[in-house]
> 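This is the structure I want to talk about, given as structure tokens.
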Amino acid sequence: MKPTARWIPYFLVAPAFAIFTLAILGPIIATFGLSLTDWDGFSTPSFIGLENFVRAFNDKVYTSSYGHAAIYIVATLVLEVLVGLILAGLVSAKRNTTFYRVAFFTPVMLPLVVISVLWSFLLNPDLGILNRILDQVGLESWKHIWLGDQSTALLSISVISGWIFAGFYMAIFYAGFQRIPSTIIESARLDGASELQLLRQIKIPMIKNLTEVAVLLCVTGGIQVFDLVYVLTNGGPYDTTQVPTTYLVRVVFRDQQMGYGSALAVILTLVVVGFGLIYNKLRTKDDSVVEY
Amino acid sequence: MKRNPIFHIAMSLYSLIYFVPLLWMALSSLKSNQEITMDPLSLPTAWDFSVFAEAFSAGGLGKYAINSAIVTGISMSGVLLFGSMAAFAFTRLKFRFSKQILALITLGLILPLQSYFIAQNALFDYLGIKDTRLALILPYTAMGLPLAIWLFRAYIQNLPKEIFEAARVDGAGDLRVYQTILLPMLKPGIATVAVFTALSAWNEFLLALVYIQNDDLKTIPTGLLTFSTRYSTNYHLLFAALTIVTVPMIILYVIFNRKVIEGLTEGAVK
Amino acid sequence: MFKGKRLIAGMAVGLLGLAVLTGCSKGDSADKVLRIATPSLGDSELPVWEAAKASYEAAHEGWTVEFIQQDDDLYSTVGLPTLLNGKNSPDAYFEWAGARLDQRVAEGFAADISTDIESSGLKDLFNDGAFAGYDSGGKLSMIPRARDVTNVLWYNVDMFAKNGVTPPKTWDELNTVCAKFKSLKINCFVQGNKDLWTVGNWGGHIISRVAGEALYAETLQKKKPMNGPEFIKGLTVLSDLAKNGYVNESVNSIADNEAASLFFQGKAAFHPIGSWLVGTQQDQAPDFKMDFINLPAITDGAGDQDSIMAVFTGYIVNAKSSKKTEVLDFFKELYSPENAKKIADSGTVLLVKSLAGGTLDPLTAKINALLDGAKVVVAPPDTGFELPVADALNAAQAEVIGGKSTPQAALDAAQEKVAALK
């Protein structure tokens, strides 16, 4: 429609656009600019070309942080998306499952910091209950300094992440299952399909779009993981849980290397946006599946 | 669809994974430090709830909660108001550059926070708004807008065009249409956006960590982190604080669970 | 239509107005508020500051004093620069003398107080010689606070007595003591190195003893490589402690205050940390009995074997502040004999005359004696030198004490990091 007065659409869009430009768009452009400088945050930035990027690719801590993020992502694809899918299959197979759905979703809405502080106690080597329980059931050899041992730290973080977010993916998948026309399900049941067959052959294929979205969310979210790692290990021990975001925050806000940090931020942006675009290209639209 | 006790037993056992940590946290706050360190698995010996009052006053939890409420409330109102206004214009009105502006704002859906927070930090430094609530309200609003506009657009597109055209015929201006026709019809969408923005703002950590140093302005996540550093060895006080922060959210969540789950999942999937 | 516009405009203005109102704090540099930034003061020292604030405000009509307190680790890294460059930057702030003070002077955040301290009368409160080490480029730029020993070996007095162990004087004796505790299934050392600076100080002290103070300083100033033979030898001393199983396994996963708490619970014989443990102990475990020894002499070490590791702390008057006189007046209140006594009781000995004849807590007095008697004072890596260099060394020490790397490999990696810095 044509607006009743010419200024109206601009008036309607202006506040949103102004706030967005001030807080996000402008800073993004500036970050790209800053990535080409050497800057401590206070004095005048000096232009150094692509030096920061060269440094980033030679920075072992930074390059390895992507490896850690990759491990975390693979682990959470299993512990969050796959477990979420299984839980959704379970709770949608029976009636009266509201209680479980509500319970499994609880951690999603609590601040990650609260959960991280709680888990750092559960896993505390000296007074955490996990080690005490292992002690009492005679599995002493399984005891670990979970977050302080490089062989278990990253995995522990992934498991905690799974504890938090499996319920989230369950809710997404569950909602998808609910939207599958009941006639399809009922007729399959009449044909004698078991709940498991139903899940594998009808339900999951029909929410294919949702699983693709879930994988995208899990991967792009995984590259950006911060709160959990920051509170639980802050990159330690020996940088073995250092992920791109925690390292970025250290470079910028501890070492005050704003220019270098901006370059790291630009790389991270390109990775996230690039992955999102490629993934969307690869996804084939299929009309036979349920849209969310 | 027969009743199957094994299913419910198995699922209840699995639920324990969620309940035990939270329950342990709540019970530990009632134990003395000695009991927690010596026997972390035991039940409290005395049910003395005064520790909650102590944690509340000693740690300034009330202060943090009020800050979180102010920041979240204003950001959420801003997102709902400005987001619905812009979505209305983008969907129902023709104007120059509408496509380009929308495309720019849509970028905000995929950009990670880390893409812009360094320069944002410098900008806020320059504007002198760090260590004020505005330093959180502005980005939280900006971060909520792309999604709000996107969701509202989808809702508005699903509303029959005729309603708007009929209002036009009755002589209503666009702003009037927005206010009297669109807003009431947008209610379900508003609830989703409200839940999503409110929880994101309530739980946001990184910007709050970087922008707010003044203890009087800290929100719950950073305030709690300060608390946990300061009282890191005063375990029962720390657990009490964690419990105080968690319990109201769980109660609210249990009451509004359908809206919350819908809001969070739809917000993320769209 | 008019009504609609007004409503929306009203809501928008209301929102923004609310945001500004709730967000913005008041004031410019000419207001009558004195802002002092400091790491968290702790439960025992804060009341003294509150008292000084009250008496200052009573004596200075219309003025208020504000304390900006931050978590220690935050304050020493990004917190303070953020405050200094922000609006309402503090009029005075806590800082470490040495490299950090010089940096603040260079950035224009440190006022020269050489003459003002005299004219204000604050100088008269201090000991003779209290100002040594608090200048930058020959100009007095700090109000002294205290000299903190950052690394001694605290030990559990009752545990020693019960097991018939006497405090070791040499490194060989230390090893014997540790072997004995190990046979009793007691951790010899407990340390919380999650933030890397605790082992950084402890190991830094050991390295300076083995490699010599001069080489230690030159290396941290990037004049010598990190992976030279002397540093490797020094780090090997630390590595041997870990290899022998004398250090808690959780060393790199717990924070410094958790380690202190374990020490107070009797979970270890020694806890290597600074003089501030006195204050922590009084707060947390008032009945716990502890004492300390300086780092024992290391055989064949090139450095002074009685050296202490210490930092000088104080308060800088912000050169950008127009309230120099007020700052100095406030510190006259804070450093009054009565307040100084209370601060001393909480574990920090101000360098003021009034404490000279007074009765100090015995541990604090003993720390003071150690400071007064020291011929060589070594600076800790993180407060004495550039932070990224210190981080590299601290990370290497963490790897070694955690058994992840050999001293050679860890220092090679550290050298690589240092070389990458400009």
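Just so it is clear: chains get the letters A, B, ... in the order the sequence lines come, proteins before strands, and each one is counted from 1. Excluded from the calculations below are hydrogen atoms, water molecules and symmetry mates; all remaining heavy atoms, backbone and side chain alike, are included. It should be emphasised that the depicted structure is a prediction, and the values quoted were computed from it without experimental measurement.
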> Atom CE in A/M170, atom CZ in A/R101: separation rounded to 0.5 Å?
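With rounding to 0.5 Å, CE (A/M170) is 7.0 Å from CZ (A/R101).
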
> For B/F97, is it the side chain, the backbone, both or neither that has a heavy atom under 4.5 Å from a heavy atom of chain A?
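No part of B/F97 comes within 4.5 Å of chain A.
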
> Please classify the contact of B/I110 with chain A as side chain, backbone, both or neither, using a heavy-atom distance under 4.5 Å.
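Its backbone and side chain both get close to chain A.
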
> Nearest 0.5 angstrom please: A/W39 CH2 to B/I118 CD1, how far?
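Here the rounded value is 9.5 Å.
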
> Less than 4.5 Å to any heavy atom of chain A: does that hold for the side chain of B/L206, its backbone, both, or neither?
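Both backbone and side chain.
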
> Counting only non-hydrogen atoms closer than 4.5 Å, does A/V272 touch chain B with its backbone (N, CA, C, O), its side chain (CB onward), both, or neither?
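Looking at A/V272, just its side chain touches chain B.
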
> So which part of B/L138 gets closer than 4.5 Å to some heavy atom of chain A, the side chain, the backbone, both or neither?
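Interface part for B/L138: both.
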
> Check each atom of B/L199 against the heavy atoms of chain A and say whether the ones under 4.5 Å are side chain, backbone, both or neither.
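The side chain, not the backbone.
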
> Would you mind checking which part of A/P3 comes under 4.5 Å of any heavy atom in chain B, side chain (CB onward), backbone (N, CA, C, O), both or neither?
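When you check distances to chain B, atoms from both the backbone and side chain of A/P3 fall under 4.5 Å.
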
> If you tally heavy-atom pairs under 4.5 Å against chain A, which of B/K94, B/M25, B/Q114 wins?
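Of the options given, most contacts go to B/Q114.
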
> Does A/L190 have more than 12 heavy atoms from other residues, nucleotides or ligands lying within 6.0 Å of its CG?
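Enclosed: over 12 neighbouring heavy atoms sit under 6.0 Å from CG of A/L190.
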
> Going from CZ on B/F205 to CG on A/L228, what distance comes out if it is rounded to the nearest 0.5 angstrom?
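Answer for the CZ-CG pair, B/F205 versus A/L228, is 10.5 Å.
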
> Given the options A/F121, A/F17, A/W119, which has more heavy-atom pairs under 4.5 Å with chain B than any of the others?
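Most heavy-atom pairs within the cutoff with chain B belong to A/F121.
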
> Checking B/S28 against chain A: side chain, backbone, both or neither under 4.5 Å from a heavy atom?
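Answer is neither: B/S28 stays 4.5 Å or more from chain A.
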
> When you compare the side chain of A/I160 with that of A/L232, does any pair of heavy atoms fall below 4.5 Å?
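In short, these two side chains touch, coming nearer than 4.5 Å.
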
> Is A/Y230 close to chain B through its backbone or its side chain, or both, or neither, when contacts mean heavy atoms under 4.5 Å?
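The side chain, not the backbone.
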
> Are the side chain of A/T245 and the backbone N or O of A/V225 linked by a donor-acceptor pair below 3.5 Å?
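Here the side-chain-to-backbone pair exists.
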
> Report yes or no: is the cationic atom of A/K94 (NZ for Lys, CZ for Arg) closer than 6.0 Å to the six-membered ring centre of B/F7, at no more than 45° off its axis?
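Yes, cation above the ring, under 6.0 Å and within 45°.
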
> Counting only non-hydrogen atoms closer than 4.5 Å, does B/F88 touch chain A with its backbone (N, CA, C, O), its side chain (CB onward), both, or neither?
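It is the side chain, since no backbone atom gets that close.
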
> Whether the B/D174 and A/T4 side chains hold a donor-acceptor pair (N or O, under 3.5 Å, no angle test) is what I'd like checked.
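Per modelled atom types, B/D174 and A/T4 side chains form a pair under 3.5 Å.
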
> For each of A/V117, A/I115, A/L34, tally heavy-atom pairs with chain B at distances under 4.5 Å, and name the one with the top tally.
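Top option by heavy-atom pairs under 4.5 Å: A/V117.
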
> For B/L104, which atoms come within 4.5 Å of any heavy atom of chain A: side chain, backbone, both, or neither?
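For B/L104, heavy atoms of backbone and side chain both lie under 4.5 Å from chain A.
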
> Is B/V79 close to chain A through its backbone or its side chain, or both, or neither, when contacts mean heavy atoms under 4.5 Å?
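For B/V79, neither part sits under 4.5 Å from chain A.
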
> Under a 4.5 Å heavy-atom cut-off, does chain B meet the side chain of A/V252, its backbone, both or neither?
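Only the side chain of A/V252 comes within 4.5 Å of chain B.
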
> Can any side-chain N or O of A/W163 pair as donor or acceptor with the backbone N or O of B/I17 at less than 3.5 Å?
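Side chain of A/W163 to backbone of B/I17: a pair is present.
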
> For the ring pair A/F104 and B/Y14, is the centre-to-centre distance below 6.0 Å?
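Close enough - the centres of the two rings lie under 6.0 Å apart.
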
> Walk me through whether B/W202 and B/M249 qualify under side chain to side chain contact (heavy atoms under 4.5 Å, CB included).
CA-CA 11 Å; B/W202 188 266; B/M249 289 196 77; 3.4 Å; yes

> Need one label for A/L118: side chain, backbone, both or neither, based on atoms under 4.5 Å from any heavy atom in chain B.
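The answer is both parts of A/L118.
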
> Any side-chain donor paired with an acceptor under 3.5 Å for A/T269 and B/S115?
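There is such a pair (donor and acceptor under 3.5 Å, judged by atom type) between the side chains of A/T269 and B/S115.
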
> Rounded to the nearest 0.5 Å, how far does OG1 of B/T226 lie from NZ of B/K218?
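Result: 3.0 Å between the selected atoms.
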
> Using modelled atom types and a 3.5 Å cut-off, is there a donor and acceptor pairing between side-chain atoms of B/N33 and backbone atoms of B/Y235?
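Yes; at least one donor-acceptor contact below 3.5 Å.
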
> Select one option (side chain, backbone, both, neither) describing which atoms of B/R168 are under 4.5 Å from chain A's heavy atoms.
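Interface part for B/R168: side chain.
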
> With a 4.5 angstrom heavy-atom cut-off, which part of A/F226 approaches chain B: side chain, backbone, both or neither?
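Answer is side chain: those atoms of A/F226 sit under 4.5 Å from chain B.
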
> Report which part of A/I24 has an atom under 4.5 Å of a heavy atom belonging to chain B: side chain, backbone, both, or neither.
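Both parts, heavy atoms under 4.5 Å.
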
> Look at A/V266, A/L277, A/L110 and state which one has the largest set of heavy-atom pairs under 4.5 Å with chain B.
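Top option by heavy-atom pairs under 4.5 Å: A/L110.
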
> Could you tell me which portion of A/T97 (side chain, backbone, both or neither) has an atom closer than 4.5 angstrom to a non-hydrogen atom of chain B?
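Contact with chain B involves the side chain of A/T97 alone.
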
> Among B/M11, B/R92, B/K161, which residue forms the greatest number of heavy-atom pairs with chain A at distances under 4.5 Å?
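Heavy-atom pairs under 4.5 Å are most numerous for B/M11.
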
> Counting only non-hydrogen atoms closer than 4.5 Å, does B/S228 touch chain A with its backbone (N, CA, C, O), its side chain (CB onward), both, or neither?
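For B/S228, the contact with chain A is made by the side chain alone.
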
> What part of A/L25 lies closer than 4.5 angstrom to a heavy atom of chain B: side chain, backbone, both or neither?
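Side chain only.
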
> Go through the atoms of A/L264 and report whether side chain, backbone, both or neither lie under 4.5 Å from a heavy atom of chain B.
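Contact with chain B is absent: no heavy atom of A/L264 under 4.5 Å.
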
> Measure B/I149 against the heavy atoms of chain A and call it side chain, backbone, both or neither at under 4.5 Å.
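The side chain, not the backbone.
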
> State, yes or no, whether a side-chain contact exists between B/L136 and B/Y211 at a heavy-atom distance under 4.5 Å.
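They are in side-chain contact.
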
> Which bit of A/T220 is near chain B, if near means a heavy-atom gap under 4.5 Å: side chain, backbone, both or neither?
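A/T220 has no heavy atom closer than 4.5 Å to chain B.
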
> As an exercise: rank A/I129, A/L216, A/V273 by heavy-atom pairs under 4.5 Å with chain B and give me the winner.
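It is A/I129.
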
> At a 4.5 Å cut-off on heavy atoms, which part of A/F99 comes close to chain B: side chain, backbone, both, or neither?
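Only the side chain of A/F99 comes within 4.5 Å of chain B.
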
> Mark yes or no for whether A/T37, through its side chain, and A/G33, through its backbone, hold a donor-acceptor pair below 3.5 Å.
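No, the answer is negative, given that no donor and acceptor are paired below the 3.5 Å cut-off.
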
> Is the side chain of B/Q120 donor-acceptor paired with the backbone N or O of A/A23 at a distance under 3.5 Å, no angle test?
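Yes, because the side chain of B/Q120 sits within donor-acceptor range (under 3.5 Å) of the backbone of A/A23.
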
